[in-house]
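Notes follow once the structure below has been shown.
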2 protein chains.
Amino acid sequence: MAAIDRSLVRALPMFEKLSDAELDRMLARATLRRVPIGEAVFEQGQKATQFFLLLHGRLKVTQVTSDGQQIIVRVVHPGDIFGFAKALMRDDYPGTPTAAAESLVLCWPTEVWGLFVEQNPHLAVNAMQTIGQRLQEAHTRIREMATEEVERRVAHAVLRLIDQAGRKEGEGIRIDFPISRQDIAEMTGTTLHTVSRILSAWEAKGLVEGGRQKLLVRDAAGLATLAEGES
Amino acid sequence: MAAIDRSLVRALPMFEKLSDAELDRMLARATLRRVPIGEAVFEQGQKATQFFLLLHGRLKVTQVTSDGQQIIVRVVHPGDIFGFAKALMRDDYPGTPTAAAESLVLCWPTEVWGLFVEQNPHLAVNAMQTIGQRLQEAHTRIREMATEEVERRVAHAVLRLIDQAGRKEGEGIRIDFPISRQDIAEMTGTTLHTVSRILSAWEAKGLVEGGRQKLLVRDAAGLATLAEGES
DNA sequence: CAGGGTCTTTGCGCTGGCGCAAGCAGATTG
DNA sequence: CAATCTGCTTGCGCCAGCGCAAAGACCCTG
């Protein structure tokens with residue numbers, strides 16, 4: 001794929017230790033794919049034939065329960081690798097990553113993983129750290145869901161979002177991709193109704209500013225206070 | 001440590017590919033530690049100086065929130081490695097593993113991890129799979145907490161326990177270590193009162209048989225039905 | 001075997017947040 | 001500029017599960 005932007009890849013911590021030659025060898029095996037909004041990179045349950053790196057855009061990873069309920073497991077940000085189920089000894093994908101914004105994805109066949117890791121131990125170590133961090137996040141979320149009430153959970157979720165995907169805008173921080181009340185509900189284990197009510201209350205207090213699939217945080221510190229429970 | 005039982009270690013999938021010489025070299029760096037009931041192997045927040053392998057017994061890993069609430073993150077079973085925070089780029093331990101039953105633990109200094117991995121790539125791959133599985137479990141648990149009501153969550157937790165630590169006993173399966181209602185509550189994000197009520201109801205239906213820090217599942221299939229929501 | 005500690009059970013009242021339902025507001029399309 | 005579609009807001013009633021409280025039941029110790 002001639003069109004792959006090397007500088008984008010080069011900037012990632014995951015690849016910074018690779019030589020130019022090694023990088024080229026990796027990119028030679030990759031394909032580039034554009035994912036329009038609403039489209040899935042792959043589907044939950046599908047056989048894992050590739051693993052991926054998000055170059056640009058934003059993906060929501062969802063899981064569906066047997067009875068049709070949906071939750072958002074995590075958000076994939078540019079620079080994250082995802083869908084490397086094979087490395088974890090699964091042969092199907094555990095979730096569905098859907099583009100929340102127009103996205104650009106680098107794809108490798110799963111067989112390449114072994115080669116990569118052999119040729120460059122950094123990659124394995126790095127991947128392990130990545131998974132380790134995700135595990136941490138997951139445990140944090142479990143703890144929140146077990147001990148905190150809805151408003152605090154939503155506060156935490158929003159803070160995490162502006163941390164991972166915030167862009168300064170005027171007198172606040174904007175979440176830099178389209179996100180609905182429904183999405184936030186699926187991230188915090190509640191309903192869109194409750195999220196809507198909470199955001200309305202926050203707006204009245206001047207903490208945030210809402211909008212259709214938009215959210216601007218005006219007072220991050222205030223939100224943080226709320227999240228820590230000193231309401 | 002002359003007392004280390006090689007056959008115990010040898011049986012673990014984690015080490016089965018190692019040669020006797022390699023195994024000996026690893027064991028030479030290890031120390032053995034007995035952990036009585038109620039004692040912690042290390043404390044949450046402590047600097048990570050060692051990583052561990054549980055040879056025998058059972059550990060509950062807990063996390064405490066800033067406001068003093070406690071949850072059980074997972075249960076460590078014989079053969080599991082734990083406390084390898086350093087490998088995940090943390091320098092403190094994220095939780096506290098406490099002995100639920102008299103336990104036997106193999107301890108290595110963190111510096112050894114790098115050596116192990118270099119000398120034997122299997123170990124790294126294996127460790128990654130382990131973390132991958134834990135991540136999966138964590139996501140499953142998040143999904144359950146977000147979408148299921150308490151009774152089903154408790155059912156799932158109990159099924160997981162008899163799967164990981166079940167021992168046949170007469171006409172049922174016993175959870176093979178002391179576990180209180182409080183523990184189950186901390187695993188499912190509810191209160192010991194609610195757990196007690198649920199177990200009482202199940203006992204009335206003949207699904208389980210309770211007792212002080214004891215639980216015997218009489219009808220696993222029935223529980224599974226309940227867990228899947230076809231109540 | 002008496003006494004105290006720990007774990008468990010159960011009743012009761014309260015409430016956070018869910019479910020339903022109706023109406024509203026921005027975007028998008030012909 | 002209708003018409004429509006999708007996402008957001010809000011009111012209302014209800015109930016699962018929590019918190020409190022008090023009373024067993026089991027276990028260990030002296």
Side-chain angles (χ1 to χ4, degrees), chain A residues 36-38 60 65 67-72 98 100-101 144-155 157-158 175 177-205 208-216 226 229 231, chain B residues 36-38 60 67-72 98 100-102 144-155 157-158 175 177-205 208-216 226 229 231:
Chain A
I37 289 183
K60 306 180 291 198
T65 60
D67 57 318
Q69 296 233 58
Q70 194 173 91
I71 66 150
I72 295 187
T98 309
E144 284 175 10
M145 305 227 1
T147 63
E148 294 176 2
E149 43 192 52
V150 173
E151 188 174 16
R152 289 178 60 188
R153 298 209 301 267
V154 175
V158 170
I175 292 176
F177 61 98
I179 185 163
S180 67
R181 308 286 182 262
Q182 176 72 37
D183 290 333
I184 298 178
E186 286 174 12
M187 295 176 64
T188 50
T190 180
T191 62
L192 83 160
H193 308 274
T194 302
V195 172
S196 181
R197 276 181 257 266
I198 289 173
L199 291 185
S200 296
W202 288 354
E203 191 149 13
K205 286 197 224 161
V208 302
E209 222 164 276
R212 191 193 177 80
Q213 307 222 75
K214 281 190 183 75
L215 193 59
L216 178 83
L226 221 164
S231 60
Chain B
I37 290 184
K60 307 179 290 196
D67 56 318
Q69 297 233 56
Q70 193 173 91
I71 66 150
I72 295 187
T98 309
E102 171 89 18
E144 284 175 10
M145 305 225 0
T147 64
E148 293 174 3
E149 41 192 52
V150 173
E151 187 174 18
R152 290 179 59 188
R153 298 210 301 265
V154 175
V158 170
I175 292 176
F177 61 97
I179 185 162
S180 68
R181 308 286 180 260
Q182 176 72 38
D183 290 334
I184 298 178
E186 286 175 12
M187 296 177 64
T188 50
T190 180
T191 61
L192 83 162
H193 307 271
T194 302
V195 171
S196 180
R197 276 181 257 266
I198 290 174
L199 291 185
S200 296
W202 287 354
E203 191 148 13
K205 286 197 225 163
V208 302
E209 223 164 275
R212 191 193 176 81
Q213 308 223 73
K214 280 191 184 74
L215 193 59
L216 178 83
L226 220 164
S231 60

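Throughout, protein chains are lettered first and strands after them, A, B, ... in sequence-line order, and every chain is numbered starting at 1. These figures come from a predicted structure and were not determined experimentally. Quick note: numbers below take in every heavy atom, side chains included, and nothing from hydrogens, waters or symmetry partners.
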Check the distance between [N]'s [atom2] and [X]'s [atom1] and give it to me in whole angstrom.
X	N	atom1	atom2	result
B/L215	C/dT8	CG	P	10 Å
B/Q213	C/dT6	CD	C1'	9 Å
A/R152	C/dG17	CZ	P	11 Å
A/L199	C/dG17	CG	C1'	15 Å
B/Q182	C/dT9	CD	C1'	14 Å
A/I198	C/dG17	CD1	P	7 Å
A/M145	C/dG17	CE	P	12 Å
B/R181	C/dT6	CZ	P	18 Å

>> Just to verify, what does A/R197 make a salt bridge (Lys or Arg N to Asp or Glu O under 4.0 Å) with, not counting sequence neighbours?
In response: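 Per chain and number, A/R197 pairs via salt bridge (Lys or Arg N to Asp or Glu O under 4.0 Å) with no residue.
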Spell out, as yes or no, whether a donor-acceptor pair under 3.5 Å connects the side chain of [X] to the backbone of [Y].
X	Y	answer
A/R153	A/E148	yes
A/T190	A/T194	no
A/S200	A/S196	yes

> Heavy atoms under 4.0 Å, any strand shown: does B/T191 hit a base, just sugar-phosphate, or nothing?
Replying inline: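 Here B/T191 touches the backbone only, sparing every base.
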> If you look at every strand shown and take non-hydrogen atoms under 4.0 Å, does A/S196 touch a base, only sugar-phosphate, or nothing?
Replying inline: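 Since a base atom lies under 4.0 Å of A/S196, the category is base.
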> 5' to 3' on DNA chain D, which nucleotides open and close the contacts with chain A (atom under 4.0 Å from a heavy atom)?
Replying inline: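 Here the contact window of chain A covers D/dT6 to D/dC12.
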> Do you know which two heavy atoms are closest between A/D183 and A/I72, and how far apart they sit?
Replying inline: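 Heavy atoms only, the tightest pair is O-CD1, 3.6 Å.
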> Counting only distance, no hydrogens or angles, is the base of C/dG11 paired donor-acceptor with the side chain of B/R197 under 3.5 Å?
Replying inline: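 Yes.
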>> Once side-chain contact (heavy atoms from CB on, under 4.5 Å) is applied, do any residues pair with B/E209, and if so which ones, sequence neighbours excluded?
In response: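 side-chain contact (heavy atoms from CB on, under 4.5 Å) check on B/E209 returns B/E203, B/L216, B/R218.
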> After noting the C-alpha distance and the side-chain angles of B/K214 and B/I175, does the key distance pass the side-chain contact (heavy atoms from CB on, under 4.5 Å) rule?
Replying inline: CA-CA 7 Å; B/K214 280 191 184 74; B/I175 292 176; over 6 Å; no
> Of A/R153 and A/R212, whose nearest nucleotide on DNA chain C comes first from the 5' end?
Replying inline: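 Per heavy-atom nearest nucleotide, the more 5' residue is A/R153.
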> Relative to the 5' end of DNA chain D, which residue comes earlier, B/T194 or A/G210, by the nucleotide with the nearest heavy atom?
Replying inline: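 Its nucleotide being nearer the 5' end, the pick is A/G210.
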